[in-house]
Amino acid sequence: MSDVPARGNNFVAKIIEEDLSNGKVERVITRFPPEPNGYLHVGHAKSICLNFGVAQQFGGGCNLRFDDTNPEKENQEFIDAIKDDVQWLGFNWEGEVHYASDYFDQLFQWAVHLIEQGNAYVCDLSPEQARQYRGTLTEAGQNSPYRDRSVEENLELFEKMRAGEFDEGACVLRAKIDMASSNMNLRDPIIYRIRKAHHHQTGDKWCIYPTYDFTHGQSDAIEGVTHSICTLEFEDHRPLYEWFIANLPVPCEPKQYEFGRLNMDYTVTSKRKLKGLVDNAVVTGWSDPRMPTISGMRRRGFTPSSIRNFCEMIGVTRSDGLVDIAMLEHAVRDDLNKNAPRAMCVINPVKVVIENLPQDHLEQLAAPYHHELELGSREMPFTRELYIDREDFKEEYSKKFKKKFTPGNRIRLRHSYVLEATGFDKNEQGDVTEIRAVLIENTLGVDPEDGIKPKGVVHWVSATHSVEAELRLYQRLFNHPTPDKSEDDYLVHVNPDSLVVAKGWVEPALAQVTPESSFQFEREGYYVADRYDHTADAPVFNLTIGLREDKELAKG
RNA sequence: UGGGGUGUCGCCAAGUGGUAAGGCAACGGGUUUUGAUCCCGUCAUUCGUAGGUUCGAGUCCUACCACCUCAGCCA
């Protein structure tokens, strides 16, 4: 059995199951509605998994709809990136991609309908005045002096707004609801504003744009969405969502449900703050491997299924919590442990010379890529001079170093022979520069015949046949568990060591791998060939996540 | 001090009146040609607090407390 909880066992799935079984809904239709003003992040992944997942689970469909009502902040780059991310995560939207801007004509007509019904009016209050009229959380607002304009006048004014006869900010169209409502969203919310901006989809056709509140629910209705799932902060908007649906001749009545957005420690998940990291060049871009963006996690080496599993693991509820980033790390390790081929890379090399081997010794050793999966094997050149990790050799034996290579002791070269150290050289600084050893005969796949077993196993690479690679060692981007909740600006909590560029010597087979191939570099961690920079001539590997460390070892 | 929400183990989360699932983390122990993986075990007499109803309450009632959220011509 998998350790991932049963799929779709959350309150949204239960509501849908109920609606389906009592015939309220025939086929579930959900939608994922990003605004193309940034890249998708891990929080969106939760929403994607919920929306697409629940549709899939109940044989329905999920639309991808861009909520593109604010042209000034949106662009095509984001649209392309978002589509890419959703597909990479493993989901398919139903039919064509939708845009809220597809419905601008209909929305305009519905705005006219509202005016005709006496449910909307053009208001000339300046933003500053409007704020004063709105009241506060504890005091009712006051009616706008323009609230009682006639239907004819409103129709005429709204048409002039559309025709571009007013400057930006000169006036807005407002729904006429209740300025005394305890729900601020019902205090005559703005439904259309003037924005003389070019739109990435509709070009210069419009100079007035509908607001989110006036757009979202109606778009859902047009698309036949049955369950409109959004995050908790939109809860107060639900009465407004329902007000529009009730007061407009929409084709169906979608229902809005809210769930708690994802918060994770050592991470920021707000587009504004993510954009800040990009704009301040803290990272190299939205897809930097340290970013919690989907494209960043992808470049880091996270797999789609690891992210999906993570989303199943954290569940969906109406309570807002702070998820331990260790859960995400677990999801990644779990997937990579099960599926990633193994390979070897030496990061802090020290040379080992095997004295009982001829100078030109070259032997190809078959090394299986995985201990459980049938992934085949590669050949590792075994030569007289090797590299092992400096940390794996100790000048003197001690209990703490019981599995290390020490003079007089034996070590197993992973997938290869057993070696016995005979001596070593040091430089003036006291660093070991070379280890001398002898190979114990007939130890390929079997223990030494004399019964003296090796103490431990080390990874290695041929000193003469390995390939130098660039290693990008990533750690968490922030060194504060809640960087956006501290007194200081979140940028001061950026971990200065979040990226360390190092060198590694990899076995020849690794230079040939395609970008985005993941490996476990044995005893080092999970690495991925960089999506953009890796080539056979200049291999580049990103550290996805380290191996879990033994506690005793970690303490030392 | 208005409205809307949420409070179950360090973290996430099941549970919807019948006597507290699971995952992560942590901690013991075993296996191992990766100090990884894997395996086995420990980890809430208690569900924000205080009362009440009931044979029986995390689940029902009352009051209180804490936290989140709403005053963009953002979404």
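Within every chain, numbering begins at 1; the chains are lettered A, B, ... in the order of the sequence lines, protein sequences first and strands thereafter.
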Pairwise [atom1] distance, [M] and [N] [rounded to whole Å]:
{"N": "B/C47", "M": "B/U8", "atom1": "C1'", "answer": "4 Å"}
{"N": "B/G4", "M": "B/U46", "atom1": "C1'", "answer": "30 Å"}
{"N": "B/C65", "M": "B/U1", "atom1": "P", "answer": "8 Å"}
{"N": "B/U62", "M": "B/C43", "atom1": "P", "answer": "37 Å"}
{"N": "B/U69", "M": "B/A21", "atom1": "C1'", "answer": "31 Å"}

Classify [X] by what it touches in the nucleic acid, base, sugar-phosphate, or nothing, heavy-atom distance under 4.0 Å.
{"X": "A/Arg414", "result": "base"}
{"X": "A/Val457", "result": "sugar-phosphate"}
{"X": "A/Thr317", "result": "sugar-phosphate"}
{"X": "A/Ile314", "result": "sugar-phosphate"}
{"X": "A/His371", "result": "base"}
{"X": "A/Ser181", "result": "nothing"}
{"X": "A/His237", "result": "base"}
{"X": "A/Lys402", "result": "base"}
{"X": "A/Thr443", "result": "base"}
{"X": "A/Leu322", "result": "sugar-phosphate"}

Kindly give the heavy-atom pair with the smallest separation between [X] and [Y], and that separation in Å.
{"X": "A/Asn51", "Y": "A/Ile229", "value": "OD1-CD1, 3.5 Å"}
{"X": "A/Ser462", "Y": "A/Tyr387", "value": "O-CD1, 4.5 Å"}
{"X": "A/Asp167", "Y": "A/Ile194", "value": "O-CD1, 3.4 Å"}

Suppose we call a contact any N or O donor and acceptor under 3.5 Å apart; does that hold for the side chain of [X] and the base of [N]?
{"X": "A/Asn183", "N": "B/G4", "result": "no"}
{"X": "A/Gln520", "N": "B/U34", "result": "yes"}
{"X": "A/Arg342", "N": "B/U34", "result": "yes"}

Watson-Crick or G-U wobble partner of [N], both distances under 3.5 Å:
{"N": "B/U45", "answer": "none"}
{"N": "B/U6", "answer": "B/A66"}
{"N": "B/G58", "answer": "none"}

*Charged N to carboxylate O below 4.0 Å: is that the case for A/Arg342 and A/Glu522?*
no
*Between A/Gly445 and A/Leu125, name the one whose nearest nucleotide on RNA chain B is closer to the 5' end.*
A/Gly445
_5' priority, RNA chain B, between A/Arg333 and A/Ser126 [closest heavy atom]_ =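 On the 5' side of the pair lies A/Arg333.
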Over how many whole Å does the gap from [X] atom [atom1] to [N] atom [atom2] extend?
{"X": "A/Ile545", "N": "B/C24", "atom1": "CD1", "atom2": "P", "value": "15 Å"}
{"X": "A/His415", "N": "B/U33", "atom1": "NE2", "atom2": "P", "value": "12 Å"}
{"X": "A/Arg523", "N": "B/U37", "atom1": "CZ", "atom2": "P", "value": "14 Å"}
{"X": "A/Met161", "N": "B/C73", "atom1": "CE", "atom2": "C1'", "value": "9 Å"}
{"X": "A/Asp220", "N": "B/A75", "atom1": "CG", "atom2": "P", "value": "15 Å"}
{"X": "A/Phe405", "N": "B/U33", "atom1": "CZ", "atom2": "P", "value": "18 Å"}
{"X": "A/Lys403", "N": "B/U31", "atom1": "NZ", "atom2": "C1'", "value": "11 Å"}
{"X": "A/Met380", "N": "B/U33", "atom1": "CE", "atom2": "C1'", "value": "13 Å"}

*Is A/Arg476 positioned over the aromatic face of A/Tyr266, cation under 6.0 angstrom from the ring centre and no more than 45 degrees off axis?*
yes
Name the closest nucleotide to the [X] side chain, picking from [options].
{"X": "A/Thr136", "options": "B/U69, B/A71, B/A36", "answer": "B/A71"}
{"X": "A/Arg318", "options": "B/G5, B/U34, B/G4", "answer": "B/G5"}
{"X": "A/Leu137", "options": "B/A25, B/G2, B/A36", "answer": "B/G2"}
{"X": "A/Leu547", "options": "B/A36, B/U32, B/C73", "answer": "B/A36"}
{"X": "A/Pro127", "options": "B/C73, B/A75, B/A14", "answer": "B/C73"}

*Does the pair A/Phe108 and A/Trp206 meet the rule for a ring pair (Phe, Tyr, Trp, His ring centres under 6.0 Å), with working shown?*
CA-CA 10 Å; A/Phe108 180 81; A/Trp206 299 91; 5.7 Å; yes
*For residues A/Phe11 and A/Phe259, establish whether the separation of their ring centroids is below 6.0 Å.*
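When the ring centroids of A/Phe11 and A/Phe259 are compared, they turn out to be at least 6.0 Å apart.
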